[in-house]
*Asks:* 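Please find one structure pasted underneath; my questions will follow.
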Amino acid sequence: MHTTEVAAALKGAKHVAILTGSGISAESGVPTFRDAQTGLWSKFKPEDLATPEAFRRNPKLVWEWYAWRRELVTGAQPNAGHLALVELEQRVPEFTLITQNVDGLHQRAGSHNVIELHGNINRTKCFEEDIAVTEWKETGDSPPRCPRCGGRLRPDVVWFGESLRPEAIEGALMASRRCDVFLSVGTSTLVHPAASLPFEAAEGGAIVIEINTDTTPLTARAAFQLRGPAARVLPELLRAAWPE
Ligand code: BV8
């Protein structure tokens, strides 16, 4: 294991950028995209439900899938992996946390400089007008209706085939190209454009470290791989870099 070399790199870093995927929330009980769905959702593949086409075809089904996931997320707690990143943010001169997760667990753990690439499941917007909606009348409609235009409401997440918010992807690309240490944590590195960020960082000369329980398309390109669960590996790394 390269914990000592990685700890030394972190200790000397000026700007650390992190990309996280659903693997960092796995130990909080939030299933990853790869994990088979359970219960009445077991017959659906996430990428079949997380599209505007699926919502047009069956808005009630998609809305209730997100309601189920929202309950899971609300019942979950940030784990030692999330908390280690909060500590890392306080220990390095510049820090950018780029997440693909829509669960909001980084912010609940106490992380500040967070870029939510794919939105947040606890926010809602109007499907027709594409603007945020915070209050609506519960009329029993599923999905509920927009108080302004009567259109259907949808979760404020980025669906497959939809573009990311320009400021989010531009901020993530800038941090990836400018950082000197890049950690890719708990992501299968398959969904674009997020999956290109660790490679942008490597192109930019950063030391790229992968923390994952498995190999991914990034493994061969990373300078170091720390194989293991994020909630164990990240605190170990912080202790190796800052023993006090
Ligand atoms: C777009 C929000 C413009 C919704 C999500 C280039 C090449 C190929 C395809 C494309 C391309 N460019 C665009 C595409 C199409 C598509 C795409 O990438 N498709 C993939 C499937 C090939 N991208 C898009 O559609 C994007 N939009 O590009 O718009 C455009 C449009 C059309 C055509 C061209 C351009 C929008 C993508 C965003 C979609 N929304 N989420 C919701 O959550 O419901 S993506 C969603 O899936 C997540 O946010 C995340 O990004 C992804 C899942 O990946 P991971 O988080 O990594 O999770 P996964 O389960 O896969 O893996 C878990 C990993 O953790 C594993 O490696 C496992 O080993 C590890 N692990 C498990 N436990 C632990 C652990 N590691 C450590 N510790 C543990 N305990």
Side-chain angles (χ1 to χ4, degrees), residues 1 18-38 41 44-55 61-70 72-73 76 78-85 97-106 114-125 154-166 168-170 172-173 183-200 209-220 222 225-237:
M1 276 282 247
I18 315 266
L19 175 67
T20 62
S22 57
I24 196 167
S25 296
E27 292 151 281
S28 296
V30 179
T32 71
F33 261 62
R34 240 104 299 263
D35 289 340
Q37 302 216 91
T38 52
W41 303 106
F44 299 98
K45 285 199 316 185
E47 46 270 23
D48 298 342
L49 290 167
T51 68
E53 295 75 28
F55 187 77
L61 179 78
V62 172
W63 177 263
E64 288 170 4
W65 179 52
Y66 280 96
W68 173 70
R69 290 174 62 190
R70 213 174 287 125
L72 280 180
V73 163
N79 62 56
H82 296 104
L83 297 170
L85 295 180
L97 177 44
I98 306 158
T99 190
Q100 299 166 79
N101 301 342
V102 296
D103 57 29
L105 288 177
H106 285 302
V114 180
I115 298 176
E116 292 181 311
L117 282 180
H118 297 161
N120 188 306
I121 202 171
N122 295 311
R123 288 196 305 266
T124 298
K125 61 181 179 179
R154 58 163 287 176
D156 183 9
V157 297
V158 180
W159 281 332
F160 289 96
E162 294 184 323
S163 301
L164 281 57
R165 278 180 313 107
I169 189 62
E170 278 151 27
L173 277 168
L183 271 79
S184 187
V185 183
T187 181
S188 55
T189 324
L190 293 173
V191 173
H192 292 266
S196 68
L197 297 171
F199 297 91
E200 292 281 343
I209 296 124
E210 181 177 61
I211 296 174
N212 198 303
T213 49
D214 202 340
T215 59
T216 77
L218 175 65
T219 306
Q225 303 84 33
L226 298 181
R227 184 83 49 245
R232 175 173 58 73
V233 172
L234 283 167
E236 271 175 12
L237 206 43

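Predicted model, so just to flag it, every value in this text is computed and none were measured. Indexing begins at 1, ligand by ligand and atom by atom, following the structure's order.
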*Asks:* What about A26: any of its N or O atoms under 3.5 Å from an N or O on ligand 1?
*Replies:*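 So ligand 1 has no N or O lying under 3.5 Å from an N or O of A26.
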
*Asks:* For ligand 1, which atoms, with element, lie under 4.0 Å from some heavy atom of G21?
*Replies:*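 Near G21, the atoms of ligand 1 are 56 (O).
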
*Asks:* Which atoms of ligand 1 have any heavy atom of Y66 under 4.0 Å away?
*Replies:*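 That gives atoms 4 (C), 42 (C), 44 (O) of ligand 1.
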
*Asks:* Relative to the heavy atoms of Q100, which atoms of ligand 1 are at a distance of less than 4.0 Å?
*Replies:*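 Within the 4.0 Å cut-off of Q100, ligand 1 contributes 48 (C), 49 (O), 50 (C), 51 (O).
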
*Asks:* Who pairs with T216 by side chain to side chain contact (heavy atoms under 4.5 Å, CB included), at least two apart in sequence or on another chain?
*Replies:*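 T216 satisfies side chain to side chain contact (heavy atoms under 4.5 Å, CB included) with T189, E210, N212, L218, T219 only.
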
*Asks:* Evaluate W159 for polar contact with ligand 1, using N/O atom pairs at a separation under 3.5 Å.
*Replies:*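 The answer is no, given that W159 and ligand 1 share no N or O pair closer than 3.5 Å.
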
*Asks:* Give a yes/no verdict on whether any heavy atom in G161 is under 4.0 Å from an atom of ligand 1.
*Replies:*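 Within the 4.0 Å threshold, so yes.
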
*Asks:* Could you tell me which non-hydrogen atom of N101 sits nearest to which non-hydrogen atom of I24, and how far apart they are?
*Replies:*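 Between these two residues, the closest heavy atoms are ND2-CG2, 3.5 Å.
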
*Asks:* For atom 63 (C) of ligand 1, is the nearest protein heavy atom closer than 4.0 Å?
*Replies:*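 Within 4.0 Å: yes, protein heavy atom nearby.
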
*Asks:* Would atom 37 (C) of ligand 1 count as contacted, meaning some protein heavy atom under 4.0 Å?
*Replies:*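 Yes, at least one protein heavy atom sits under 4.0 Å from atom 37 (C) of ligand 1.
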
*Asks:* Which part of N212 is near ligand 1, with near meaning a heavy atom under 4.0 Å away: side chain, backbone, both or neither?
*Replies:*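 Within the 4.0 Å criterion, N212 contacts ligand 1 through backbone and side-chain atoms alike.
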
*Asks:* Which of the numbered atoms in ligand 1 are under 4.0 angstrom from any heavy atom belonging to E162?
*Replies:*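 In order of numbering, the contacting atoms are 1 (C), 26 (C), 27 (N), 29 (O), 36 (C).
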
*Asks:* Tell me whether E162 is salt-bridged to K125, with the criterion being a basic N under 4.0 Å from an acidic carboxylate O.
*Replies:*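 Salt bridge: no.
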
*Asks:* Who's closest to atom 75 (C) of ligand 1 heavy-atom-wise, of D214, T213, T51?
*Replies:*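 Nearest heavy atom to atom 75 (C) of ligand 1 lies in T213.
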
*Asks:* Heavy-atom distance from atom 20 (C) of ligand 1 to the protein below 4.0 Å?
*Replies:*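 Yes, at least one protein heavy atom sits under 4.0 Å from atom 20 (C) of ligand 1.
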
*Asks:* Please report whether ligand 1 has a polar contact with T189, defined as an N or O pair separated by less than 3.5 Å (distance criterion only).
*Replies:*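 Checking ligand 1 against T189, no N or O pair falls under 3.5 Å apart.
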
*Asks:* Answer yes if a protein heavy atom lies under 4.0 Å from atom 30 (C) of ligand 1, otherwise answer no.
*Replies:*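 Protein heavy atom within 4.0 Å of atom 30 (C) of ligand 1: absent.
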
*Asks:* Going through the checks in order, is the side-chain contact (heavy atoms from CB on, under 4.5 Å) test met by L72 and V30?
*Replies:* CA-CA 7 Å; L72 280 180; V30 179; 5.5 Å; no

*Asks:* Heavy atoms of the protein only: does one fall short of 4.0 Å from atom 26 (C) of ligand 1?
*Replies:*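 True for atom 26 (C) of ligand 1.
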
*Asks:* May I ask you to decide if the ring planes of H82 and H106 are parallel, tilted or perpendicular, using 30° and 60° as cut-offs?
*Replies:*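 The arrangement is perpendicular - the two ring planes meet at more than 60°.
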
*Asks:* I'd like to know if the side chain of T51 and the backbone of A54 have a donor-acceptor N/O pair within less than 3.5 Å.
*Replies:*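 Flag set: sc T51 to bb A54 pair under 3.5 Å.
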
*Asks:* Would you check whether F160 has a nitrogen or oxygen atom less than 3.5 angstrom from a nitrogen or oxygen atom of ligand 1?
*Replies:*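 N/O-N/O distance under 3.5 Å: no.
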
*Asks:* What verdict does the side-chain contact (heavy atoms from CB on, under 4.5 Å) test give for L237 and I209, after you've listed the backbone C-alpha separation in whole Å, the side-chain angles of each residue and the deciding distance to 0.1 Å?
*Replies:* CA-CA 12 Å; L237 206 43; I209 296 124; 5.6 Å; no

*Asks:* Applying a 4.0 Å heavy-atom criterion (strictly less than), which segment of L190 is in contact with ligand 1: side chain, backbone, both, or neither?
*Replies:*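 Backbone only.
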
*Asks:* Which of the atoms in ligand 1, numbered in the order shown and given with their element, are less than 4.0 Å from a heavy-atom of R69?
*Replies:*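 Within the 4.0 Å cut-off of R69, ligand 1 contributes 42 (C), 43 (O), 44 (O).
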
*Asks:* Can you list the atoms of ligand 1 that are under 4.0 Å from a heavy atom of S163?
*Replies:*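 Once the distances to S163 are compared, the set is 3 (C), 29 (O).
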
*Asks:* Based purely on interatomic distance, does N101 place a nitrogen or oxygen under 3.5 Å from a nitrogen or oxygen of ligand 1?
*Replies:*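 Looking only at distances, the answer is no, because the N/O contact criterion of under 3.5 Å is not met.
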
*Asks:* Nearest heavy atom to atom 8 (C) of ligand 1 wins, so pick from H192, E27, H118.
*Replies:*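 Ranked by closest heavy atom to atom 8 (C) of ligand 1, first place is H192.
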
*Asks:* List in chain and number order the residues that pass side chain to side chain donor-acceptor pair (under 3.5 Å) with T187, two or more places apart in sequence or in another chain; answer none if no residue qualifies.
*Replies:*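 Partners of T187 by the side chain to side chain donor-acceptor pair (under 3.5 Å) criterion, ordered by chain and then number, come out as Q100.
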
*Asks:* Quick check: F55 with W159 (ring centres under 6.0 Å apart)?
*Replies:*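 Under 6.0 Å, so yes.
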
